[in-house]
Amino acid sequence: MSNTATLEVNGQKHEFPLVTGTENEVAIDVKALRGSTGGVITIDPGYKNTGSCESGITFLDGEKGILRYRGYSIEELAEKADFLEVAYLLIFGELPTKEQHDKFHADIKSKSVVDDDIRKIVDAFPKSAHPMGVLSSLTSALTAFNPSSVNVDSEEDMYNSVVKILGKFPVLVAWTLRKKQGLPLDYGDNSLGYVENVLKMMFKQPNQDYVQNKVIVDALDKLLILHADHEQNCSTSTVRIVGSSHAGLFASLSAGISALWGPLHGGANQAVLEMLEAIREDGGDTKKYMAKAKDKSDPFRLMGFGHRVYKNFDPRAKIIKVAADEVLADLGVEDPILDIAKGLEKEALEDSYFVDRKLYPNVDFYSGIIYRAMGIPTDMFTVMFALGRLPGWIAQWREMRLRKEPIGRPRQLYIGETHRAFKPMNKR
Ligand code: CMC
């Protein structure tokens with residue numbers, strides 16, 4: 001195969017190198033395009049054909065339904081690793097040894113106290129505030145409480161920022177829920193595992209002990225692993241692009257949280273549950289909603305279906321579906337919503353509209369059912385996604401800074417008015 005691509009513009013040929021990734025994906029390197037063509041650009045709304053970076057963190061093959069973090073398959077990681085191991089792997093590139101894992105956890109715990117003044121910010125929010133708005137604001141506020149910027153050339157500085165945010169973020173997540181529920185805020189328990197501590201911080205009632213349930217701990221651990229990274233999705237690209245201006249890590253993460261909030265991205269898990277509830281309240285007629293989803297004059301979409309990259313089963317959805325069954329069985333929860341979800345999935349997988357467009361259940365289709373069984377309110381689901389995605393965002397931010405990527409600054413094709421003379425107000 002030739003290792004160049006030729007582009008003809010106005011009768012002139014221009015050659016561009018082809019670059020190949022370690023999984024044999026091929027890209028046309030158009031860095032020299034504007035220079036060699038005298039200013040011609042590519043246009044690709046939604047970046048459907050545009051690689052924004054080279055990255056060694058996550059590989060996914062949407063046609064084959066493959067997802068790997070640093071080369072390890074998501075199936076194996078979900079079964080054999082814990083969330084902190086996966087966080088370490090994503091951020092630093094290798095699975096930690098026992099000593100590295102223990103030190104990482106100890107360092108995270110040592111940085112987990114959040115400045116008590118942040119409580120005042122939490123207090124200022126109304127209980128009705130959407131948890132994602134609260135979480136993004138609190139994450140941004142962390143910058144003000146930790147003003148020294150990360151010296152990306154110092155490994156120690158970088159490591160300290162990583163453990164600091166991994167320590168404080170779960171506290172912010174828990175406070176977001178506790179504020180909503182009118183419960184006192186606390187700082188967790190350093191004798192616990194990372195995920196156990198998250199659960200205790202979220203659910204402990206002030207007047208009784210919190211008893212851990214292993215099935216819930218394992219299911220949450222798994223969910224966080226499944227959400228931990230997904231290469232250059234909307235929120236991750238946001239984190240990278242904000243960070244590319246050399247804005248700090250916490251500010252970049254806060255922007256990523258806002259991007260994740262949208263219903264087409266992480267907000268889909270909330271939207272799925274709301275959709276399933278609505279179908280149930282409307283008598284459980286899944287066929288009616290299938291028809292709405294296919295009707296182009298109806299804005300309704302089957303939430304939790306379809307993916308920009310997966311044109312095959314989302315491998316995460318397969319794992320979550322099994323976990324949902326296990327959690328519900330263990331907790332003895334009979335959730336009619338699960339039956340509606342399974343009914344919709346079955347119908348969609350047999351329907352030519354969905355089959356032809358390769359629309360399969362995505363990661364968010366079943367995750368809400370597990371969160372709900374755990375007692376997590378629907379508008380907190382995307383917060384849980386953010387907790388899982390945190391190591392991925394950190395890893396991508398770190399990679400972008402270490403590779404000294406230039407500031408992200410796309411071009412545009414201007415389609416507005418051409419030059420015209422100013423009209424005074426009395427002439428308009
Ligand atoms: N229900 C009905 N039709 C759909 C759906 C859906 N959920 N998703 C895509 N389509 C149709 C769409 O109308 C279009 O049809 P046509 O070719 O006739 O115009 C075709 O399928 C391709 O859709 P698209 O919107 O061009 O695809 P996209 O890659 O731009 O969008 C998506 C991907 C995830 C935004 C979209 O599938 C969607 O809106 N899904 C529902 C929201 C959702 O579940 N989001 C969570 C994604 S997974 C978590 C994450 O990574 O954030």
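Count residues from 1 along the sequence. Order of appearance sets the numbers: ligands from 1, and atoms from 1 within every ligand. Not measured: the values here are computed from a predicted model.
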Taking Asp44 for the side chain and Lys48 for the main chain, is one N or O donor matched with an acceptor at less than 3.5 Å? yes

among protein heavy atoms, the one nearest atom 12 (C) of ligand 1 is Arg301 NH2, 3.4 Å

re atom 29 (O) of ligand 1, the protein heavy-atom contact at minimum distance is Arg308 NE, 2.8 Å

Check whether Asn197 reaches the backbone of Asp189 with its side chain - one donor and one acceptor, N or O, closer than 3.5 Å.
yes

Between the CZ atom in Phe305 and the CG atom in Leu349, the distance rounded to the nearest 0.5 Å is 6.0 Å

The protein heavy atom nearest to atom 15 (O) of ligand 1 is Lys296 NZ, 3.0 Å

The option among Arg357, Arg389, His230, Lys292 carrying the non-hydrogen atom nearest to atom 21 (O) of ligand 1 is Arg357

> What do you reckon, does Phe354 have a nitrogen or oxygen under 3.5 Å from a nitrogen or oxygen of ligand 1?
Replying inline: no

Atom 9 (C) of ligand 1: of Asn362, Leu359, Asp295, the nearest heavy atom sits on Leu359

Nearest non-hydrogen protein atom to atom 51 (O) of ligand 1, with distance, is His307 NE2, 3.5 Å

Just by modelled atom types, is the Pro17 backbone N or O under 3.5 Å from a matching donor or acceptor in the Asp29 side chain?
no

If we number the atoms of ligand 1 from 1 as shown, the ones under 4.0 Å from a heavy atom of Ala293 are 2 (C)

the protein heavy atom lying closest to atom 1 (N) of ligand 1 turns out to be Leu302 N, 3.1 Å

Tyr353 heavy atoms within 4.0 Å reach ligand 1 at atoms 2 (C), 3 (N), 4 (C), 11 (C), 13 (O)

Atom 26 (O) of ligand 1 sits nearest the protein heavy atom Lys48 NZ, 3.6 Å

**Prompt:** Okay, side chain of Arg372, backbone of Pro377: is any donor-acceptor separation there less than 3.5 Å?
**Reply:** no

the protein heavy atom lying closest to atom 34 (C) of ligand 1 turns out to be Gly306 O, 3.7 Å

Quick note on ligand 1: atoms under 4.0 Å from a heavy atom of Gly266 include exactly 52 (O)

Practice item. Could you tell me whether the side chain of Arg403 and the main chain of Glu399 form a donor-acceptor pair under 3.5 Å? Key: no

Backbone N or O of Lys64 within a donor-acceptor pair of the Tyr310 side chain at under 3.5 Å?
-> no

Ranked by distance from atom 40 (N) of ligand 1, the top protein heavy atom is Phe305 O, 2.9 Å

Answer with yes or no whether Leu264 contacts ligand 1, where contact means a heavy atom under 4.0 Å from a ligand atom.
yes

Worksheet entry | Heavy-atom check, side chain of Ser112 versus side chain of Lys168, under 4.5 Å | no

Checklist entry - ligand 1 and Gly304, any nitrogen or oxygen pair closer than 3.5 angstrom? => result yes

Min N/O separation Val363 to ligand 1 under 3.5 Å
no

If we number the atoms of ligand 1 from 1 as shown, the ones under 4.0 Å from a heavy atom of Ala268 are 43 (C), 44 (O), 45 (N), 46 (C)

Exercise. So, Arg178 side chain and Met201 main chain: donor-acceptor pair closer than 3.5 Å or not?
Worked result: yes

N/O donor-acceptor pair under 3.5 Å between Arg389 side chain and His227 backbone: yes

Restricting to heavy atoms, the pick from His265, Lys294, Met290 nearest atom 50 (C) of ligand 1 would be His265

>> Treating Ser254 as the side-chain partner and Phe250 as the backbone partner, does any N or O pair qualify as donor plus acceptor under 3.5 Å?
In response: no

In Asp229, Ile394, Leu390, the residue satisfying side-chain contact (heavy atoms from CB on, under 4.5 Å) with Leu90 is Asp229

